[in-house]
Amino acid sequence: MILGGIFAFTIHPYAKKSIPSATDTNKLFENIQNELQYKYDIGASSIASNPDYTSNEIIIPINGSKRYYDSVKDEVKSIVKNIIKSTPFENYSIKIEKNKIEQFLNEEDKEKQGSLFEITKTIHESLSESYPNQIGDINITESTPNLIIEVHTLIKEQEISLSKEIESKINRILNEKLSSNLLVKESSVNIHIYNNEEKRIN
């Protein structure tokens with residue numbers, strides 16, 4: 001799953017100290033990604049700034065059904081509020097919306113999107129619990145009939161034996177927790193484990 005942003009800032013003579021830099025903005029998106037991407041099914045967050053610098057907001061789109069949106073929107077807003085405390089964005093409003101992109105997807109694509117999120121979330125939660133402070137990003141690529149699961153870790157070269165252990169753990173997760181997942185059932189799964197130097201180690 002990819003988080004990004006579209007933003008435009010206009011200098012206001014009375015608010016120069018409040019204008020976030022590109023570094024501030026990148027840090028914001030990084031924090032949002034770290035806090036939300038594996039817990040909630042969200043789209044690409046963005047920042048919208050009004051030319052008169054009076055109406056600035058952080059926009060977080062939620063994927064999935066309206067029922068799912070209604071069940072998580074308040075939690076997501078609360079987390080983002082906490083993220084922006086004591087930052088240049090603390091006075092920005094937060095807009096949680098149902099992802100508009102989904103209206104252009106057919107039912108098959110929506111189901112596939114939900115399946116990908118379920119796989120990513122389940123694997124990340126299980127691995128993070130079993131290997132605290134060792135698991136980084138998890139990327140899922142679907143290209144029929146293959147499903148590629150890429151796990152980026154903080155494993156060092158001398159700890160390479162952990163890669164086989166993690167691979168076995170993922171296979172157990174697929175069999176025990178994700179056996180009913182549409183993509184897992186219909187795909188040939190390939191697992192790629194990377195160490196802290198981004199070298200594949202399995």
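Residues: numbered from 1 along the sequence shown. The structure presented is a predicted model; accordingly, all values stated were derived computationally and were not measured.
One side chain, Lys169 or Ser130, offers a donor N or O that lies under 3.5 Å from an acceptor on the other. With hydrogens and angles left out, the side-chain atoms of Glu165 and Tyr131 include a donor and acceptor closer than 3.5 Å. Under the 3.5 Å distance criterion, with hydrogens and angles disregarded, a donor-acceptor pair is assigned to the side chains of Glu142 and Thr144. Side-chain atoms of Asp24 and Ser21 form a donor-acceptor pair, as typed in the model, at a separation below 3.5 Å. Looking only at atom types and distance, the side chain of Glu150 has a donor-acceptor partner in the side chain of Tyr194 under 3.5 Å away.
Interatomic distance, OG of Ser115 versus NZ of Lys185, reported as 9.0 Å (0.5 Å rounding). Atoms CD1 and CD1, on Ile155 and Ile135 in that order, are 6.5 Å from each other to the nearest 0.5 Å. Taking CD of Gln103 as the reference point, atom NZ of Lys110 lies at 8.5 Å (rounded to 0.5 Å). Interatomic distance, OG of Ser126 versus CD1 of Ile170, reported as 10.0 Å (0.5 Å rounding). Once rounded to the nearest 0.5 Å, the distance linking OG of Ser128 with CD1 of Ile123 reads 11.0 Å. The OG1 atom of Thr23 lies 11.0 Å from the CD atom of Glu30; values are rounded to the nearest 0.5 Å.
Checking side-chain atoms of Ser163 against main-chain N and O of Ile201 turns up a donor-acceptor pair under 3.5 Å. With hydrogens and angles ignored, the 3.5 Å screen pairs no side-chain donor or acceptor of Asn99 with any backbone N or O of Ile62. Within the 3.5 Å criterion, the main-chain N or O of Ile58 finds no donor-acceptor partner in the side chain of Ser45.
Nearest heavy atoms, Phe117 versus Gln37: CE1-O, 3.8 Å. Residues Gly43 and Asn63 share a closest heavy-atom pair of N-ND2, 3.7 Å. When all heavy atoms of Tyr69 and Ile96 are compared, the closest pair comes out as OH-O, 2.9 Å. The two atoms that bring Tyr68 and Asp41 nearest to each other are OH-N, 2.8 Å, heavy atoms only.
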Test log, rule salt bridge (charged side-chain N to carboxylate O under 4.0 Å, His left out), inputs Glu118 and Lys121: CA-CA 5 Å; Glu118 182 187 25; Lys121 178 181 179 181; over 6 Å; no
Walk me through whether Phe89 and Thr25 qualify under side-chain contact (heavy atoms from CB on, under 4.5 Å). CA-CA 9 Å; Phe89 304 97; Thr25 304; 3.8 Å; yes
side-chain contact (heavy atoms from CB on, under 4.5 Å) assessment of His192 paired with Ile148: CA-CA 7 Å; His192 300 171; Ile148 300 174; 3.7 Å; yes
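Counting non-hydrogen atoms of other residues, nucleotides and ligands closer than 6.0 Å to CG of Asn133 gives a total of 12 or fewer. Other residues, nucleotides and ligands contribute only 12 or fewer heavy atoms inside 6.0 Å of the CD atom of Glu108. Atom CZ of Arg67 is surrounded by 12 or fewer heavy atoms from other residues, nucleotides or ligands within 6.0 Å. Counted within 6.0 Å of CG on Leu105, heavy atoms from surrounding residues, nucleotides or ligands total more than 12; the atom is thus considered enclosed.
Each of Ile140, Ile138, Ile173, Leu182 was scored for a side chain to side chain contact (heavy atoms under 4.5 Å, CB included) with Ile119, with one residue passing: Ile140.
Taken together through direct or relayed side-chain contacts under 4.5 Å among Ile, Leu, Val, Met, Phe, Trp and Tyr, Leu116 and Leu178 form part of one hydrophobic cluster. One hydrophobic cluster holds both Ile79 and Ile42 under the rule that ILVMFWY side chains link at heavy-atom gaps under 4.5 Å. If you chain together hydrophobic residues whose side chains sit under 4.5 Å apart, Ile149 and Leu162 fall into the same group. Cluster membership for Phe29 and Ile59, using ILVMFWY side-chain heavy atoms within less than 4.5 angstrom, is not shared. Residues Val76 and Ile94 share a single hydrophobic cluster, defined by chaining ILVMFWY side chains whose heavy atoms lie under 4.5 Å apart.
You'll find the side chain of Asn31 stays beyond 4.5 Å of the side chain of Leu28, heavy atoms only.
We find that Glu102 and Lys98 are joined by a salt bridge, their nearest charged nitrogen and carboxylate oxygen being less than 4.0 Å apart.
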